[in-house]
Protein chains: 2
Amino acid sequence: MHSPLNQDLKKKVAELLVVRASGHALDSQRQYPLWELPNKHLKFLLNEGVGGVILHGGSVQELQQRCRELRNWSSKPLLLCADVEEGIGQRFDGGSFLPPPMAMALRYLQDRQDALDLSEQYGKCIGNQALKCGLNWVLAPVCDVNSNPINPVINMRAWGEDPHIVAELVVAFHKGLVSQGVLSCAKHFPGHGDTTVDSHLDLPIVEKELFQLHETELIPFKSLIEKGVNSVMTAHILFKNIDPFQIATFSKKFLTNLLRETFTYKGLIVTDALVMNAITSHYGCGEAAVMAFQAGADLILMPEDPFQAIDSITAALIDGRIPFYRLDQSIDRKQKEMSKIKSISLESVEDNLFSDKVFETTFDYKFTKKLIDMSIKFKNYAQIKFVEESINFVRVDNIFSSSSFLSSSSPCLVIPEKNGYKNILSHSLGIDPWETNSHKPFILERFERGSFLLQLFLRGNPFVGDSHFTEPWEKIVEQLQSKGRLSALIVYGSVYLWQNLSNILYPSIPSCFSPGQMEGAQEKILQTFFKANQKQSRIQNNDIQFTD
Amino acid sequence: MHSPLNQDLKKKVAELLVVRASGHALDSQRQYPLWELPNKHLKFLLNEGVGGVILHGGSVQELQQRCRELRNWSSKPLLLCADVEEGIGQRFDGGSFLPPPMAMALRYLQDRQDALDLSEQYGKCIGNQALKCGLNWVLAPVCDVNSNPINPVINMRAWGEDPHIVAELVVAFHKGLVSQGVLSCAKHFPGHGDTTVDSHLDLPIVEKELFQLHETELIPFKSLIEKGVNSVMTAHILFKNIDPFQIATFSKKFLTNLLRETFTYKGLIVTDALVMNAITSHYGCGEAAVMAFQAGADLILMPEDPFQAIDSITAALIDGRIPFYRLDQSIDRKQKEMSKIKSISLESVEDNLFSDKVFETTFDYKFTKKLIDMSIKFKNYAQIKFVEESINFVRVDNIFSSSSFLSSSSPCLVIPEKNGYKNILSHSLGIDPWETNSHKPFILERFERGSFLLQLFLRGNPFVGDSHFTEPWEKIVEQLQSKGRLSALIVYGSVYLWQNLSNILYPSIPSCFSPGQMEGAQEKILQTFFKANQKQSRIQNNDIQFTD
């Protein structure tokens, strides 16, 4: 295995790997040291020919410096990608942070053309900022049809529940995105919308037949393939009635027969991250990389051990389990897609790129604000009546991943506090405020005697699982309003949670829904609730008609 | 007031101001938008001659870019400072993060020379990294003698409880710091060690006589003045028996008579931040700036409204309330001190400054580790016995300011979880786990039935107030150990809290104290508790003999 010939072969194999790195420059700054390679390994692997890096964490300034450094370490052009489905600001501090795609689907029901225009602009905003940061490959759009409302991992990340609406919106998004000269990625093939398990946590199993996928899940993928999407990401899901032996990521039936042959797809196929529990709890690292490549994948994303992945694929080529032409095909595809990247010299980008209104342009800023305003839905925007000893109860899924919308100066804390509320910040790793097996779940004796302003920052998020579906929010709303102790309800995040709570809410209670959790949304809503005068206090019935 | 003459005068006055800015480049990235000037104002003020900027937030890379940008905006050499008393990493991600100064005082009691050597190295480490980031003025050392153990704001930031030890240690620190070519700052004159109120929150009042200050508080300041400290920062404290009319920051008696005349101090006098509640709740912004300058201060730090501060001081000069020579004196002092800064061209610093082992050198890294190891004190390092349904209960003061030591991958969460513990993260804005008026304060029915690993990240911190002195930790420890449900106790932070708890703790319970809260300390302690084998499990009695 150590002949010069094998070394050359390994370098070719390495081109297919996309490894994970922190957006920060220093090893000590890594947020996920278990997943993010230390610089020593990264430098070595890039020098050995590794073809791509997926980045996470840091500010837009740090990201740009980092991309420049990674390119210097690499012997050839590098794929640099990130999961920035909802704006660069979702992952990198300083970029625009947009309401989730589902907001566009909600808009579609009111005004189709506006939703399509907004989706195209959404893609442009992400593509343009990605390029400025040094990225050249955006891992979006999510093409999954969120047909299962209790989907814990896709949910608001989807562009809707209806396959045809999703298809139209992702095509519009894609048009905007690629117009900026970055590559796109349709995910998670053949569809992750009808699952109840998060593949970050365990393996989801779906019982649908192939004809059913053709009727729903596959529609957006087909549309995007027609539009020349640059890559398709596979799902770690077992479709037991279609390929009972292999999850889609490892399934020749899905990747080669369906995607390459039936759909005549010519672009790149990339696996979803191979470090996810759905994979690592069932397969070894080298084995997983070989199986994915064998099934038809071109690029191997985040193998648990990149060195082992390279060795195992190389061995599989040498011993004939995988024919050599497959390697050449994948490398050709990669080069062909990469030729579509708009090349900008990061060195030539002036320092003042990172000044106000230059990185996030006035246009981006106004677009973000417009999207936020458009997506906020007041059910009742009456002024909140202040009662002594009132509590501003803020609930977030994960305290550690809430920094993009929550700090000590966030409007969701500052505005109620100014209005006499006592802040309580509750999170899933904290002490539960409820008894789950009770009709009076909130343990009211633990709180002051006043009313509650409930602000729920809950949505389906990777790794969080389905916590907000199991938390007793319906019972809590019923309990508080029956005691006259619910002063207002705001849901930031899941439209499904909002619909459930909205259905049982007394119409007299000020309430609002925002798909986006960002500070701009908090400010708009709370300023309305705390400033609205009596003349405006009328019950509005502009509820969202969405799930039928 | 708008004559060209006044414009020139205003530019001179502006030189005395030190305004606050975020270490991040973009307005949207500011963490404290109420305090941190937007770039438009910052650029205008620097162009108008403002003489200094205090920075907060961002990574070391961002800080360096930011310092370069601020220098470009300024028409003359700029003071660039930060509160990096415990290492650059305390405020700027990527820098070394050291255990608090009190750890050196604890070391002093065991080995004087080692403590002095470590303190000098401590200063070198901060000075060198500060200079690399673009800073030229370090707002350290704290010279306050922490003679009051329940001091909520100084506490572990102090270099001890004994004035002579503090004096020796700050002199050693200062030697190391200024050897790197940055300016120093002795704070908070005439001494903030004997207070029970945090001046960030309200005005502390101290009843001591001047001779008492000479016996204790003033000793470290005198020593540092002899060593040529570049600046002295004033305290917002009313010494009612010395100057019953003015807090020290506004007191001619303290700043001019005592500091300038009695101590013949020639360096700069800078106010503590004028935005602090102790000031803003009693004085207008322009008034406060004039009063400080009139009393003898040279530099005005963080006036609430810099424009108003400039106008008010200018008016006071024109109408003769302050003689013009005072302005010239302060500007001369500023120029004289700034001539001592080691000039390095930030432009010439290579990009790879921010690579591993270059920014934080191997020497810095080893020094940090040595300090952490040296400062950790095991009372009993027996292995923790695992019981079913056990809870890892982590308590932090402020969830929003804990990011330098707490993330989802922190050892304090990850190691106990791997060992079967359920994590609960509790913080002062969350739901209290206790009833304060009870002998059984922990509400045990809210938890699983197993044992508790208590990890308390509590220390005196600005803005937090004295929460951990009012929280019922002693009662909780008594309650848990009497029920056999305390599996271990770790205090990260306050030595006073540790001493109180250590006094009542059963000797059989594994327990440990670390002045530093950083991940390195967590890892070292928890690896000991979860890996120690039975041979090592013996009770150690190396308790700290500190307060007598």
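Order of the sequence lines fixes the chain letters, A, B, ..., with proteins taken first and strands second; residue numbering starts at 1 for each chain. Basis for what follows: all heavy atoms, side chains included, without hydrogens, waters or symmetry-related copies.
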**Request:** Select one option (side chain, backbone, both, neither) describing which atoms of B:Tyr365 are under 4.5 Å from chain A's heavy atoms.
**Result:** neither
**Message:** Is B:Glu62 close to chain A through its backbone or its side chain, or both, or neither, when contacts mean heavy atoms under 4.5 Å?
**Reply:** side chain
**Request:** Report the option among B:His427, B:Glu435, B:Lys40 that has the most heavy-atom pairs separated by less than 4.5 Å from atoms of chain A.
**Result:**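 Ranked by heavy-atom pairs under 4.5 Å with chain A, first place is B:His427.
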**Asked** So which of B:Ser407, B:Ser409, B:Ser28 has the largest heavy-atom pair count under 4.5 angstrom toward chain A?
**Response**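 The residue among B:Ser407, B:Ser409, B:Ser28 with the greatest pair count is B:Ser407.
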**Message:** Testing the basics here: between B:Cys133 and B:Phe359, what is the closest heavy-atom pair and its distance to 0.1 Å?
**Reply:**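 Answer, listing the atom of B:Cys133 first, then B:Phe359: SG-CZ, 3.5 Å.
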**Prompt:** Is B:Arg30 paired with B:Glu36 through a side-chain N to carboxylate O contact shorter than 4.0 Å?
**Reply:** no
**Prompt:** Are B:Arg395 and B:Glu471 close enough for a salt bridge, meaning some N to O gap below 4.0 Å?
**Reply:**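 Judged by the 4.0 Å cut-off on N to carboxylate O distance, B:Arg395 and B:Glu471 do form a salt bridge.
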**Message:** Checking the side chain of A:Glu389 only, and the main-chain atoms of A:Arg449 only, is there a donor and an acceptor separated by less than 3.5 Å?
**Reply:**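 Looks like yes, one N/O pair under 3.5 Å.
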Between [options], who has the most heavy-atom pairs with chain B when the cutoff is under 4.5 Å?
options: A:Val414, A:Leu34, A:Ile443; result: A:Ile443
options: A:Ile424, A:Asp93, A:Asn39; result: A:Asp93
options: A:Val60, A:Leu425, A:Leu413; result: A:Leu425
options: A:Lys422, A:Lys357, A:Gln61; result: A:Gln61

**Request:** Please flag which part of A:Glu519 lies under 4.5 Å from any non-hydrogen atom of chain B: side chain, backbone, both or neither.
**Result:** neither
**Request:** Kindly indicate, with the supporting measurements, whether the criterion side chain to side chain donor-acceptor pair (under 3.5 Å) is fulfilled by A:Gln29 and A:Ser22.
**Result:** CA-CA 8 Å; A:Gln29 294 173 313; A:Ser22 162; over 6 Å; no
**Request:** Would you mind telling me which of B:Phe442, B:Trp473, B:Phe393 makes a ring pair (Phe, Tyr, Trp, His ring centres under 6.0 Å) with B:Trp434?
**Result:** B:Trp473
**Prompt:** In terms of the angle between their ring planes, are B:Phe457 and B:Phe405 parallel, tilted or perpendicular, with boundaries placed at 30° and 60°?
**Reply:** parallel
